[in-house]
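As structure tokens, the structure follows; a few thoughts come after it.
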Amino acid sequence: MRLRLIIIILSVFAFLSASAGGWLYYYSYREAVFEKRESDARANLNLLARQVSMHLSEHVKPVKTLSVTKEIVNALLMTDLETIYRANKLLDLFAATMDLDVAYLLDKEGVTLCSTNRNAADSFVGKDFSFRPYYQMAIQGEGATYLALGTTSNKRGVYFSHPVTVGQGDGEIIGVAVIKASVEFLESTLMMNQEAVLLFCDPQGLIFMSNVPAYRFKLMHPLSEEVISALIDSRQFGNGPWAWTGFKKKNKDLVADSTGKRYYSSILPISENYPGWHLISLREQKKIHKDVTQPLIQLIGSIVISVSIIAGIVVFVLYRMASNELARRRKAEENLTLSEQRYREIYHKTPVMLHSIDTEARIIHVSDHWVEVMGYRRSEVIGEHLTRFFNEESKRFALDTNLPKFFSAGFCKDIPYTYVKKNGETMDTLLSCCALRDSQGRILRSLAVSVDISDKNRVQKDLEKAKEALSKYSLDLEKQVTQRTAQLESAQAKLKNLSKNIIASQEREKELIARELHDHLGQVLTALRIDAVWIEKYLAGMDAKAFNRANQMGSLIETTIQDVRQMAYRLRPRVLDDLGLADALDSMVLDFEKRSNISCVFQQDNVPVIDKAIATALYRICQEAMTNALRHSKAATIIVKLKTDVKGIVLTIEDDGVGFDLNSPDTIPGIGLESMSERAGLAGGKLTITSEPGRGTHISCKVRIEKV
């Protein structure tokens with residue numbers, strides 16, 4: 001019994017311990033999850049508040065820029081149709097470029113002179129807006145921002161105004177420039193995707209924007225009649241009435257609506273441009289509890305009942321694990337914070353120009369090196385459009401080409417831009433950029449690095465100038481070479497004509513000498529031969545010694561006649577003039593074979609009648625080649641070929657002699673080879689000599705001819 005009692009007591013103690021431990025674990029886990037969700041919610045609300053503040057202040061500088069344009073000032077000074085027309089066109093361009101709801105111009109009395117909605121049913125032209133606070137502040141010399149419901153258009157918007165002045169410095173205020181941007185973009189892009197109920201309220205608690213349409217233009221808490229009357233008189237949010245939402249504050253962080261549903265509440269103020277305006281986040285308590293507790297209950301509900309005894313044993317371990325997990329998470333958060341701090345330090349301290357832009361191409365971050373190089377203060381850069389710091393060419397390229405391409409692709413590399421520093425100096429850079437996206441893949445901002453290549457470009461330009469100068473010098477040199485070449489060709493042509501004339505003159509002289517030898521000297525010798533025969537016959541029976549002497553004289557005269565005929569033939573063979581080149585070559589080959597121990601063969605085609613000068617040149621080339629073969633080659637056979645092809649006539653002389661090395665430095669072309677080459681060139685042909693030691697010599701002359 002005592003043992004049973006002890007077991008029961010231990011069981012009850014274990015059950016109670018397990019239950020207590022289970023409750024402690026559940027409570028600790030729930031508190032940790034609540035703390036994490038609250039931390040995430042506060043961080044998200046802080047980010048949202050900064051984004052709302054940024055968007056509600058993004059047109060402060062543009063309206064200031066609009067107020068100093070020439071068209072706006074002239075429209076207020078002259079107010080004629082031409083100036084009004086130009087001002088309207090400028091407002092149209094400004095509204096289209098900045099994606100504005102409307103832009104308009106008020107005169108000194110608050111009456112609208114120009115407006116982008118001038119042709120619409122809700123046109124502002126001629127309307128008096130002097131009651132608006134943004135007009136009253138601007139006419140006093142200060143720019144203003146103002147959130148309100150349009151009295152004419154009945155549309156919500158944020159108004160930006162700035163005085164228009166003439167003269168330098170604090171000149172005379174002659175009107176007010178105003179632009180109005182829609183707030184629906186904030187609701188559709190920043191608020192609609194949030195789980196919590198978001199309320200953007202004025203200082204009195206009137207809800208101006210919300211991701212729940214039913215709450216718009218309602219009151220967070222009841223207002224007194226005096227405050228309601230002041231709201232009606234201001235016409236800021238229409239004429240009312242503005243119903244109460246029914247929200248009641250239960251404690252510091254908890255509110256309840258008219259149905260009793262409770263919400264965790266967080267409130268953050270907006271920027272200093274909108275004093276009293278604040279952003280409220282309402283997160284449904286029941287839903288948060290359900291999201292936290294339901295998964296836990298579903299997971300351990302039935303298991304806790306069935307294993308409560310075992311849970312009692314391990315509850316302490318689980319509790320310790322939970323504590324360790326929380327400690328680990330806190331450590332991870334601390335490490336994350338430290339890592340973020342290190343990243344920011346690296347971002348700002350790295351000696352490279354780094355910057356980040358939002359989806360509107362406005363600068364949101366720049367590194368210390370960026371502002372140091374450009375010469376600006378960080379406050380002068382943040383919020384400005386990136387292209388403000390480019391020269392005109394780079395600005396057009398960025399707006400027309402590269403920025404749309406980057407926001408489409410999400411990256412770009414080595415894009416050439418020219419920055420303009422604050423002191424007016426320019427700097428050539430190569431910009432590379434990548435996009436940072438959210439979980440849906442939408443681009444949030446960019447991270448870009450710009451590398452200074454000004455020195456490199458200067459060196460490149462100097463190199464291009466040097467290349468240009470070298471090219472100019474080369475062209476001039478080429479021109480001089482062309483001129484000298486033309487002069488040389490002219491001299492060569494003259495020399496060729498001179499050589500041709502000399503050879504022609506030599507041939508004429510040879511022909512004349514041959515004719516003189518044949519006709520005159522030959523006839524004289526023949527007459528002497530006849531006289532010698534007569535004397536020989538006359539002395540036949542008279543004087544034997546005189547007879548023998550006359551006989552010897554006749555034989556000598558006969559030999560002389562043969563020598564004269566051979567000399568005349570070699571100087572100018574009559575067969576070349578009478579029968580043509582082929583027969584002349586055939587006769588010459590036969591004569592060489594008779595006068596030497598070399599076998600000479602002549603082969604020919606049906607060669608047409610050709611020009612006398614060409615025939616003479618080919619004959620002399622063959623004569624010189626055979627003479628060289630006879631003197632130097634020690635050949636046993638010489639073959640002469642005269643053939644025709646589609647281009648002209650071809651003369652070849654081959655021998656099987658000792659040959660020679662054409663490329664040897666010891667080989668010096670003789671007068672005969674040069675004479676053959678010169679004759680071939682003068683005849684309009686080409687002479688080719690091929691020879692190797694021990695393999696004979698091959699000489700070919702090709703001449704283009706026209707048949708005669």
Side-chain angles (χ1 to χ4, degrees), residues 502-604 612-613 615-640 642 653 655 657 671-672 675-676 679:
I502 291 173
I503 292 175
S505 178
Q506 289 176 348
E507 291 296 331
R508 286 194 298 271
E509 289 296 327
K510 288 180 180 180
E511 183 179 1
L512 179 61
I513 294 171
R515 186 179 298 112
E516 288 293 328
L517 289 174
H518 184 274
D519 294 344
H520 179 70
L521 184 58
Q523 291 177 6
V524 171
L525 290 173
T526 301
L528 289 175
R529 172 62 178 154
I530 294 172
D531 289 341
V533 171
W534 181 86
I535 293 172
E536 181 183 354
K537 290 180 179 181
Y538 178 78
L539 296 174
M542 296 175 62
D543 187 349
K545 186 176 181 179
F547 173 80
N548 291 333
R549 191 69 176 265
N551 183 268
Q552 291 176 0
M553 185 175 62
S555 298
L556 181 60
I557 293 173
E558 181 66 28
T559 302
T560 303
I561 291 173
Q562 294 299 324
D563 290 340
V564 169
R565 288 179 179 175
Q566 290 294 329
M567 289 175 61
Y569 179 79
R570 285 193 294 273
L571 286 172
R572 182 68 181 181
R574 297 297 297 272
V575 69
L576 180 63
D577 297 328
D578 298 336
L579 300 178
L581 177 62
D583 291 332
L585 291 177
D586 189 18
S587 176
M588 181 173 62
V589 169
L590 291 175
D591 182 62
F592 263 80
E593 189 173 31
K594 291 177 182 179
R595 292 188 294 108
S596 66
N597 295 323
I598 301 174
S599 175
C600 299
V601 180
F602 176 67
Q603 300 174 0
Q604 64 167 327
K612 181 179 179 181
T616 301
L618 292 175
Y619 181 85
R620 295 302 182 190
I621 290 172
C622 182
Q623 187 180 44
E624 185 66 34
M626 293 187 70
T627 301
N628 288 339
L630 180 64
R631 291 176 179 174
H632 309 295
S633 70
K634 301 179 182 179
T637 303
I638 299 176
I639 300 175
V640 179
L642 184 65
I653 303 96
D655 66 64
I671 297 176
S675 175
M676 288 190 290
R679 287 182 180 275

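Worth knowing before you read on, the calculation uses all heavy atoms, side chains too, and leaves out hydrogens, waters and symmetry mates.
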When rounded to the nearest 0.5 angstrom, what is the spacing between CD1 in I530 and CD1 in I535?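 Atom-to-atom, I530:CD1 and I535:CD1 are 12.0 Å apart.
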If you round to the nearest 0.5 Å, how far is CD1 of I653 from CD1 of I639?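 It is 11.5 Å, given to the nearest 0.5 Å.
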Just to verify, what does N548 make a side-chain hydrogen bond (donor to acceptor under 3.5 Å, both in side chains) with, not counting sequence neighbours?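 Residues passing side-chain hydrogen bond (donor to acceptor under 3.5 Å, both in side chains) with N548: none at all.
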Partner of C622 by side-chain contact (heavy atoms from CB on, under 4.5 Å), out of V640, L581, T627: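 Filter result, single survivor: V640.
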For [X], which residues count as a side chain to side chain contact (heavy atoms under 4.5 Å, CB included) partner, sequence neighbours excluded?
{"X": "S555", "answer": "N551"}
{"X": "F547", "answer": "E536, L539, A540"}
{"X": "L590", "answer": "D586, E593"}
{"X": "A636", "answer": "D656"}

List the atom of D655, the atom of A635, and the distance in Å for their closest heavy-atom pair.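 In terms of heavy atoms, the two residues are closest at CB-CB, 3.8 Å.
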Taking all non-hydrogen atoms of both residues into account, name the closest pair between M676 and N628 and its distance.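 For M676 and N628, the tightest heavy-atom pair comes out as CE-ND2, 4.0 Å.
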I598 side chain near M626 side chain, heavy-atom distance below 4.5 Å: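 Contact flag for I598/M626 side chains = no.
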Are the side chains of F592 and L630 in contact, using a 4.5 Å heavy-atom criterion?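 Result yes, sub-4.5 Å side-chain heavy-atom pair found.
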Taking the side chain from S587 and the backbone from D583, do they hold a donor-acceptor pair closer than 3.5 Å?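 No: the side chain of S587 does not pair with the backbone of D583.
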Passes side-chain hydrogen bond (donor to acceptor under 3.5 Å, both in side chains), Q552 versus R549? Steps please. CA-CA 5 Å; Q552 291 176 0; R549 191 69 176 265; 4.8 Å; no
